[in-house]
Amino acid sequence: QSSFGCAADEAERMRERRVFLWSVIIATVVVVVVVGDDEVAKLIERTDQLTHDFECFQRKINKRIDPERLKRAGSLEARVETLEGHPCGSGRYQCGGDDPQCISDLLVCDGHADCRNEEDEKHCELHLKPGDKFVGERVFDHCRRLEPEHITLTINSVSTATFFTGYPKLQITVNIHVDKDDVETEAGAPTIAYYSFAKNQLVIVGGLGSNTDSLALIGQFDGHNFDRFVGEAILESDTVCSRFIYHRQ
Ligand SMILES: [Ca+2]
């Protein structure tokens, strides 16, 4: 078997095999109509063998692609998509691939395929679980006078309502670490958050110190690397008053 550098050749070969496989399947159908049982049996056997070979080949290819490399490529693609803007508008999800279909965010991960390419039900595994901890480093913070250095989020529990599978609910403890005038202070508060598969967002409402009602924290994952997210605190006026970069501990 060839090395990594021959991936393009392998992809080409895989395409050729797929075309060949389909030809055999179509031929089988034709033979069923016009030829006798013996030939049909032989062809079915041959098709089974080819299907088996094809699946083995595909497994070998998948094994050889480094998951870290796939993750980095995905993160880069997400950045480009962010720069290009969201073509479907707010509250809408783009099915992706070569099909630019738009559906409502509410239909993502609801258990039914709504995209023609079924993309809305393909990324529904929650990468956050009880015990996970994320530490956020401050980029800027004008929300309050505290100006914390770090914010730590600890996930205590995760639950999914059967009628609302696209938005798992999380209980999170938010700890704020302040180091001001040589005095270190730490304050913790339990909060409720929801994860949106459609947006790859963690939305925490309240519980971020004083004036909790007027703050929401939006944690934006890129949909590929679930060890990092950008957390922004949003005021009622829709203004972003702080940004922290969070990393999984
Ligand atoms: Ca759906």
Side-chain angles (χ1 to χ4, degrees), residues 11 14-15 18 21-22 25 51 54-55 58-59 61-63 65 67-132 134 153 155-172 191-206 216-232 234 238 240 246 248:
M14 199 155 74
R15 260 195 299 278
R18 203 178 288 151
L21 199 59
W22 273 109
I25 291 167
T51 309
F54 179 69
E55 281 170 2
Q58 210 159 25
R59 268 201 297 276
I61 292 251
N62 288 343
K63 249 189 243 169
I65 297 174
E68 274 304 311
R69 214 170 118 157
L70 280 176
K71 201 162 91 176
R72 281 199 301 274
S75 295
L76 190 64
E77 194 185 313
R79 269 192 224 178
V80 173
E81 279 169 8
T82 307
L83 288 173
E84 284 175 345
H86 298 285
C88 293
S90 77
R92 310 275 290 164
Y93 173 85
Q94 193 180 32
C95 294
D98 52 4
D99 191 351
Q101 189 189 357
C102 297
I103 62 164
S104 166
D105 276 354
L106 296 172
L107 299 175
V108 176
C109 295
D110 68 345
H112 305 277
D114 297 285
C115 288
R116 285 182 290 262
N117 58 13
E118 302 185 5
E119 196 63 29
D120 59 313
E121 300 298 321
K122 282 182 185 165
H123 312 282
C124 304
E125 185 200 342
L126 185 63
H127 296 269
L128 304 172
K129 59 182 190 312
D132 284 2
F134 287 86
L153 305 184
I155 298 168
N156 303 315
S157 73
V158 178
S159 59
T160 305
T162 47
F163 55 88
F164 214 42
T165 49
Y167 293 83
K169 181 180 171 183
L170 300 98
Q171 289 188 313
I172 295 178
T191 62
I192 297 292
Y194 290 91
Y195 188 82
S196 159
F197 285 114
K199 291 191 168 78
N200 288 307
Q201 268 181 3
L202 183 67
V203 181
I204 301 177
V205 184
L217 179 76
I218 311 274
Q220 183 66 57
F221 289 87
D222 68 11
H224 300 273
N225 179 357
F226 291 94
D227 295 329
R228 176 192 182 275
F229 67 88
V230 179
E232 291 186 333
I234 319 275
D238 260 6
V240 174
Y246 290 80
R248 189 189 288 272

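Whatever order the structure lists ligands and atoms in, that order sets their numbers, starting from 1.
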Report the relative orientation of the aromatic rings in F221 and F134; use parallel for angles under 30°, tilted for 30 to 60°, perpendicular for over 60°. perpendicular

Any idea how Y195 and F197 line up, ring-wise: parallel (<30°), tilted (30 to 60°), or perpendicular (>60°)? perpendicular

Would you please test C88 and C102 for disulfide bond (SG atoms under 2.5 Å apart) and show each step? CA-CA 6 Å; C88 293; C102 297; 2.1 Å; yes

Tell me, which N, O or S atom in [X] is closest to the Ca ion (ligand 1)?
| X | value |
| --- | --- |
| D114 | OD2 |
| H112 | O |
| D110 | OD1 |
| D120 | OD2 |
| E121 | OE2 |

For residues [X] and [Y], report the shortest heavy-atom separation together with the two atoms involved.
| X | Y | value |
| --- | --- | --- |
| I103 | C95 | CG2-SG, 4.2 Å |
| V158 | P130 | CG2-CD, 3.9 Å |
| H127 | R248 | O-NH2, 2.9 Å |

Measuring to the Ca ion (ligand 1), does L107 have an N/O/S atom at a distance below 3.0 Å? yes

So, is C115 placed with an N/O/S atom under 3.0 Å from the Ca ion (ligand 1), counting both backbone and side chain? no

